[in-house]
Amino acid sequence: MLAYTLVGGLLFGLYFGLVALGLNLVFGVMRLVNLAHGDFLMLGAFAAYWAYQLFGLTPVSALAAEVVIFSALGLALYYAVVPRLLASSDPEMLSFILFFGLSQALQALAVIAFGNNPRSIPATVFGRAPVRILGQAFPAAWMVSGVVSVALVLFVYLYLYHSRLGRATRAVMSSREEAMVSGIDVHRVSAAALGVGLMLAAMAGAFSPFMLGSIEPGMGTAVTTVSFTVTVIGTLGEPLGTVLGGLVYGMSLMLMESYLSSWANLLPYLLLIAIMLVRPAGLLARRARYA
Amino acid sequence: MSSEVSRVSGVSGIGRSAALSDNAARLEASGLAKRFGGFRALDGLSFRLERGEILGLMGPNGSGKTTTINVVSGVYSADGGEVCLDGKPVTALAPHRRVRLGLNRTFQVPRPLRGLTVHQNVEVAAVYSGAGTDVVAQCLEWAELAHLAGRRASTLNNSQQKRLDLARALATRPRVLLIDEMGAGLNPAELETMAHKLCALAEQGVALVVVEHVLGFLQMVSSRVIVMNAGRAIFEGTVAAAAEDPEVVRVFLGERHH
């Protein structure tokens with residue numbers, strides 16, 4: 001039981017890191033909380049569902065299309081909305097209202113487009129044989145999700161630490177104004193971050209049928225809450241800290257579900273309150289202050 | 001090399017100045033306006049700055065000095081008026097575009113890129129402004145930070161952070177440099193060294209706007225000051241004449257008494 005919980009917690013932890021990664025990247029660069037983050041994950045989930053239904057594509061094959069669609073969506077959303085938002089007298093408050101409105105609009109549109117029925121992709125899409133680790137059997141979909149999560153975290157690491165755009169991105173995260181006067185195009189950097197952020201959300205969405213349960217238009221709100229919790233645990237504005245937040249969250253979730261299952265739904269809120277009381281700046285806070 | 005030549009505005013060949021033939025100022029602000037809600041932070045401010053000149057900007061707190069720097073550098077967008085660099089309007093350009101044209105500024109409270117080293121901070125500015133990395137070592141030397149090049153920017157003290165901010169700005173090869181409150185927190189010896197450094201920059205042709213509370217510092221660097229109050233210029237002339245001007249005295253004393 002413990003071995004199962006730990007390995008499962010690791011797989012879910014990696015996945016939750018991926019779920020929240022885009023939210024934290026966008027927050028780190030733009031200092032705005034994307035309250036529609038979970039709804040973009042929902043759209044990514046539906047995209048994967050329809051790719052499977054219409055073309056028989058597995059969620060992994062659907063990822064390529066999601067990269068294109070959702071990064072383009074992020075860039076478009078940025079240039080349509082954010083420069084105007086930042087020019088207002090109270091961008092933070094306005095952004096809450098705007099992204100909350102966007103979240104509601106996406107949910108309503110999804111209901112019109114897809115209906116309210118929960119949908120799912122059969123877990124056997126990655127084969128019927130379970131994967132055995134430490135003598136425990138895990139669904140193949142969990143393993144695939146874990147591998148994809150690791151690959152995408154690695155991608156974000158390379159983007160942030162080994163690319164010219166990523167260096168500019170870290171400069172903006174560290175100090176927006178100093179970045180501006182260092183000659184960095186802050187809008188271009190931020191648009192790219194929102195593009196990558198939505199892309200990561202959508203890709204996480206492709207695995208949500210196996211990791212979060214069925215796909216439905218209203219699922220985004222809970223996903224945003226979980227993402228926010230994971231982000232805060234791992235330190236706001238520190239994208240790679242999200243992985244740590246995800247592991248803490250995933251591990252706790254598996255422990256709760258194994259030993260205290262009726263309390264499991266409370267977990268995001270309990271963790272959020274606990275971290276606020278104990279380490280309000282997040283687990284990596286001290287490092288983040290220098291990063 | 002030739003400080004005499006570079007002091008004569010628009011004549012010298014030093015730097016990559018455009019528009020040598022016409023008589024456009026290096027930097028010209030006309031009718032700058034900026035509101036924050038109902039508060040008029042800038043209310044029709046105009047000034048000219050020639051090549052190699054150091055203009056002092058003084059005034060009580062809230063008079064609009066830092067807002068001037070923010071609007072000229074593009075960190076805030078102007079609600080009215082125009083900023084021209086060598087006769088070309090830059091008012092509609094994003095801050096990074098102005099930086100690449102040679103307009104830069106420092107911050108009253110510098111926020112260096114904390115995770116990066118001192119060297120990397122300057123390098124980022126050199127790379128993204130298009131100036132090229134060969135200026136980095138020279139800028140660090142100039143700011144007396146070469147021995148700290150490998151240190152993380154977050155470990156620097158106040159004076160070092162201010163010098164890093166200057167080195168960062170210099171690495172973009174500015175033609176105009178706006179300096180916000182360099183003197184605050186520096187001791188008299190540091191102030192004097194800094195004044196010499198700024199004068200040397202001006203001799204190389206860089207035009208400077210220096211916002212400053214420390215009058216002695218302004219006296220050391222600038223022949224001309226503008227005194228601001230409520231977003232407007234209420235006086236323009238020498239520092240000594242400013243101290244005699246009844247309006248200036250009233251504004252400063254008024255601030256002290258209320």
Side-chain angles (χ1 to χ4, degrees), chain A residues 25 28-29 31 78-79 82-94 157 160-192 235-241 281-282 284-291, chain B residues 35-39 69-70 72-77 79 93-117 120-132 151-155 161 164-165 167-169 171-174 177-178 180:
Chain A
L25 178 68
V29 173
R31 300 280 142 182
Y78 182 86
Y79 282 109
V82 180
R84 254 174 266 199
L85 199 65
L86 293 179
S88 77
S89 55
D90 190 358
E92 282 85 10
M93 192 62 216
L94 205 60
Y157 170 77
L160 285 180
Y161 290 87
H162 293 279
S163 79
R164 192 183 147 95
L165 177 62
R167 198 171 186 195
T169 306
R170 284 188 296 136
V172 174
M173 285 167 41
S174 171
S175 170
R176 198 177 174 83
E177 291 183 340
E178 290 275 356
M180 276 181 188
V181 296
S182 294
I184 292 172
D185 185 346
V186 172
H187 281 313
R188 201 170 70 96
V189 164
S190 307
T235 305
L236 268 167
E238 173 79 348
L240 295 177
L284 288 184
R286 184 156 301 150
R287 236 204 79 207
R289 211 167 292 146
Y290 294 112
Chain B
R35 286 181 305 274
F36 296 107
F39 176 65
I69 290 190
N70 280 328
V72 172
S73 63
V75 169
Y76 294 168
S77 59
D79 292 325
L93 299 182
H96 70 276
R97 299 276 306 280
R98 299 186 201 198
V99 166
R100 291 173 195 174
L101 289 175
L103 176 56
N104 213 316
R105 55 88 55 92
T106 67
F107 292 91
Q108 192 175 344
V109 182
R111 287 183 207 84
L113 312 176
R114 304 178 69 89
L116 302 185
T117 65
Q120 286 168 332
N121 263 270
V122 178
E123 195 182 41
V124 163
V127 167
Y128 288 94
S129 66
R151 284 258 297 269
R152 276 187 174 237
S154 50
T155 64
Q161 289 203 1
L164 173 58
D165 202 27
R168 190 264 314 140
T172 66
R173 290 184 192 269
L177 185 52
L178 317 166
D180 198 358

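Proteins get letters first, then strands, A, B, ... in listed order; numbering begins at 1 in each.
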B:V122 versus chain A, the contacting section by heavy-atom distance below 4.5 Å
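For B:V122, there is no contact with chain A at all, as no heavy atom is under 4.5 Å.
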Tell me, side chain or backbone of B:R100 under 4.5 Å from chain A's heavy atoms, or both, or neither?
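Answer is side chain: those atoms of B:R100 sit under 4.5 Å from chain A.
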Taking side chain as C-beta onward, heavy atoms only, is [X] less than 4.5 Å from [Y]?
X: A:S175; Y: B:L113; answer: yes
X: B:V124; Y: A:E178; answer: no
X: A:R167; Y: B:Q120; answer: yes

Using a 3.5 Å distance criterion without hydrogens, assess whether the side chain of A:D185 forms a donor-acceptor pair with backbone atoms of B:H96.
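No; zero donor-acceptor contacts below 3.5 Å.
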Top contributor to chain A contacts, counting heavy-atom pairs under 4.5 Å, from B:V99, B:V127, B:V75
B:V99
Please determine whether the number of non-hydrogen atoms from other residues, nucleotides or ligands lying under 6.0 Å from atom CZ of A:R31 exceeds 12.
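Yes - once you tally the heavy atoms of other residues, nucleotides and ligands closer than 6.0 Å, there are more than 12.
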Roughly how far, to the nearest 0.5 Å, is CG of B:D165 from OG of A:S182?
8.5 Å
Heavy-atom proximity to chain B below 4.5 Å, by part of A:R170
side chain
Heavy-atom closest contact (A:S174 atom, B:P112 atom, distance):
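In this case the closest contact between A:S174 and B:P112 is OG-O, 3.7 Å.
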Looking at A:L165 and B:Y128, what are the two nearest heavy atoms and their distance?
N-OH, 4.5 Å
